[in-house]
Participant: 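The structure that follows is given in the form of C-alpha cells.
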2 protein chains.
Amino acid sequence: MRILLVEDDEKTAEAVSASLTAAGYAVDHEADGEEAWFKGDTEPYAAIVLDLGLPGMDGLSVLRKWRQAGQTFPVLILTARGDWSERVEGIDTGADDYLPKPFQMQELIARLRAIIRRSAGQATPVITISTVSLDTRQMRVTVDGVPIHLPPQEYRLVSYLMHHAGRVVSQHELTEQLYAQDFERDSNAVEVLVGRVRKKLGVDLIQTRRGFGYVIEEPES
Amino acid sequence: MRILLVEDDEKTAEAVSASLTAAGYAVDHEADGEEAWFKGDTEPYAAIVLDLGLPGMDGLSVLRKWRQAGQTFPVLILTARGDWSERVEGIDTGADDYLPKPFQMQELIARLRAIIRRSAGQATPVITISTVSLDTRQMRVTVDGVPIHLPPQEYRLVSYLMHHAGRVVSQHELTEQLYAQDFERDSNAVEVLVGRVRKKLGVDLIQTRRGFGYVIEEPES
DNA sequence: ACGGCATTGTCAGCTTTTTGTCAGGTAGAA
DNA sequence: TTCTACCTGACAAAAAGCTGACAATGCCGT
C-alpha cells in the first residue's frame with residue numbers, strides 16, 4: 001500500500017518514513033506543498049500523512065485542493081498539540097484524523113491503519129437527506145437544489161448532524177465538537193445555532209429529542 | 001446486553017459505567033484481574049471493556065487466558081495515552097479495538113457498538129419484543145412501526161426493561177437505575193412512570209409481579 | 001484607517017414539556 | 001374482611017428549549 005508523507009522537517013520525515021516502511025507501507029516523501037499536491041492528485045495513494053506548516057503551499061490549502069478535485073483518500077494531519085483552530089479548519093477541509101506532535105510512531109501507524117480501514121468502507125462526498133444536500137467537497141448546502149449560504153459555525157453543525165444522521169446527538173456532544181474545550185457549559189449557543197439553521201433549512205430537518213439532543217432522521221431504512 | 005467493565009480506577013469506572021448504562025447496557029464492574037478473568041470465563045458478556053494496569057493479574061494476561069480458553073467475545077482495551085506498546089501487544093493478544101485515555105464517552109460507546117456488531121455478524125442496534133421496538137441509536141420507541149414519543153425518564157425505563165427482558169426487575173433496582181442515590185425511598189415515582197409508559201405502549205408490555213417488580217416478557221422461542 | 005456588514009455568543013422572557021408528589025382508589029392475598 | 005402493594009388522575013414546580021434583541025468581534029472593500 002502506498003502512503004504519501006508530506007513533511008518538510010527532514011529529521012521527522014526520515015523517522016516517519018522508516019517506521020512506515022518497516023510497517024510494510026510503500027512511502028513517498030514530499031517536502032514541498034505544491035509538489036505534494038501534484039503527487040496526491042495524480043498517484044493512487046492509500047492514505048496521506050500531512051504536516052501543516054509547509055513551504056510552497058500551506059498544508060490545509062493542499063488538502064482543500066485535493067478535496068475540491070474530488071480526491072477521497074484518507075488524510076491524517078499532524079498538528080501542533082493543542083492548536084484548536086487548526087483542528088477545526090482541518091475538519092472543515094476534510095481531514096480524517098489528527099495526531100498532535102510529538103507522537104509515537106506506533107500511534108501514527110495505528111491511526112493510519114484505522115483511517116485506511118475506515119475509508120475502505122465509506123467515503124461519500126455528498127450526503128443527501130430528504131431535500132437537503134451537503135457537499136463536503138465544496139462545503140456547500142443546498143435545499144431543493146438551491147444553494148443556501150451558511151456561515152462556518154452553522155455549516156459545522158449541519159455537517160456534524162448529517163454525518164451522524166439517524167443518531168441522537170446530545171447538546172453536550174455538539175458543544176464538544178463545535179467549541180473549544182473551555183467553552184462555557186451553561187451557554188445556549190447550540191440552541192441558538194439550531195434555531196438559525198432551522199430558519200434557513202426548514203424546521204423539520206433537525207428534530208429535537210427533548211432531554212436527549214437533536215437528530216436528523218435518516219431516510220427510512 | 002451485558003458488558004463487563006474491568007477497571008481499577010474507581011473514578012474512571014464510575015464514569016464509564018454511568019455512560020454505558022445510559023447507553024442502555026447492563027454493566028458489571030470488576031476491579032481485580034483474577035476476579036475479572038473468572039467472570040469473563042463464566043458469564044455470557046456481549047463485550048468486555050478492559051483496562052490494563054490491574055491488581056491481581058495483568059490485563060493482558062487476562063485477555064490471553066480468555067483467548068486460550070476459547071472465549072470469543074469482543075474486547076475493547078483502554079490504554080494510557082503514552083502506553084502504545086501495551087496497545088500493540090493488546091492487538092496481538094486478541095483485542096478487537098483499543099481506546100487511548102483520556103477518551104470521550106461517545107467514542108467509547110461507538111467503538112463498543114462497533115465491535116459488538118462486528119462480532120455478532122449482523123446485530124442491529126434495535127431490540128424488538130412483540131410489537132414494540134427500541135432503537136438505541138435514534139433513542140426512539142415504535143409500536144407497530146409507529147414512532148411513540150417518550151420523554152427521557154420513560155425512555156430509560158423501557159430501555160432498561162427491554163435490555164433485561166425476561167427478568168423480573170425490582171422497583172428498587174429500577175430506582176437505582178433511574179434516579180440519583182439519595183432519591184427518596186418511599187416515593188412512588190417508578191409506579192407513576194410505569195403507568196405513563198403503559199398508557200403509551202400498551203398495558204400488556206410491562207407486567208407487574210406483585211411483591212417482586214416488573215417484567216417485559218421475552219418472546220418464547 | 002474607516003464604515004458597513006456578517007457572524008456569533010449572551011441574555012431575558014416566554015412557551016412547552018417533563019416529572020415528582022399527593023390523595024385517593026383498586027385489587028390480590030391471607 | 002383487611003392488609004398491602006400497586007394504580008391513577010390532578011397538580012404544580014422545575015427543566016428544557018425557543019426566540020428576538022443586542023453587543024462584541026472580525027472581516028471586507030473603499
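Owing to the predicted nature of the structure, the values given are computational and were not obtained by experimental measurement. In what follows, every chain begins at residue 1, and chains take the letters A, B, ... in the order their sequences are listed.
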Participant: Hey, does B/Val194 reach any base, or is it just sugar-phosphate, or nothing, if we go heavy atoms under 4.0 Å?
Facilitator: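 Contact class for B/Val194: none.
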Participant: Run the side chain to side chain donor-acceptor pair (under 3.5 Å) test on A/Glu218 and B/Gln138 for me, step by step, so that the C-alpha distance in whole Å, both residues' side-chain angles and the decisive distance to 0.1 Å come before the verdict.
Facilitator: CA-CA 10 Å; A/Glu218 269 178 331; B/Gln138 297 201 37; 5.0 Å; no
Participant: I want to verify a distance call: between C/dG9, C/dT19, D/dC7, whose nearest atom is closest to the B/Glu191 side chain?
Facilitator: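 From the listed options, D/dC7 comes nearest.
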Participant: What nucleotide, of C/dT7, C/dG9, C/dT17, holds the atom closest to the side chain of A/Leu193?
Facilitator: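 Between C/dT7, C/dG9, C/dT17, the one nearest the side chain of A/Leu193 would be C/dG9.
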Participant: Do the side chains of A/Glu154 and A/Arg198 get close enough for a salt bridge, i.e. N-O under 4.0 angstrom?
Facilitator: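 No salt bridge links A/Glu154 with A/Arg198.
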Participant: Look at the side chain of B/Arg196 and the base of C/dG20, then say whether one donor and one acceptor between them are separated by less than 3.5 Å.
Facilitator: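 Answer yes: a donor N or O sits under 3.5 Å from an acceptor.
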Participant: Specify the residue among B/Lys199 and B/Gly213 whose closest nucleotide of DNA chain D lies further upstream toward the 5′ end.
Facilitator: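 It is B/Gly213, whose closest nucleotide lies nearer the 5' terminus.
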Participant: Rounding to a whole Å, what distance do you find between B/Glu154:CD and C/dT17:C1'?
Facilitator: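 In whole Å, C/dT17 C1' lies 11 Å from B/Glu154 CD.
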Participant: Are any of A/Gln171's side-chain N or O atoms less than 4.0 Å away from OP1 or OP2 of D/dA16?
Facilitator: no
Participant: If you only use heavy atoms from C-beta on, which nucleotide in C/dA12, C/dT16, C/dT21 is closest to the side chain of A/Asn188?
Facilitator: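 Closest nucleotide to the A/Asn188 side chain: C/dA12.
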Participant: Whole Å only: how far is the CD1 atom of B/Ile206 from the C1' atom of D/dC7?
Facilitator: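 Whole-Å distance recorded here is 13 Å.
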Participant: Output the distance between atom CG (B/Asp51) and atom CG (B/Leu78), rounded to the nearest 0.5 Å.
Facilitator: 5.5 Å
Participant: Whole Å only: how far is the CD atom of B/Gln153 from the C1' atom of C/dT21?
Facilitator: 15 Å
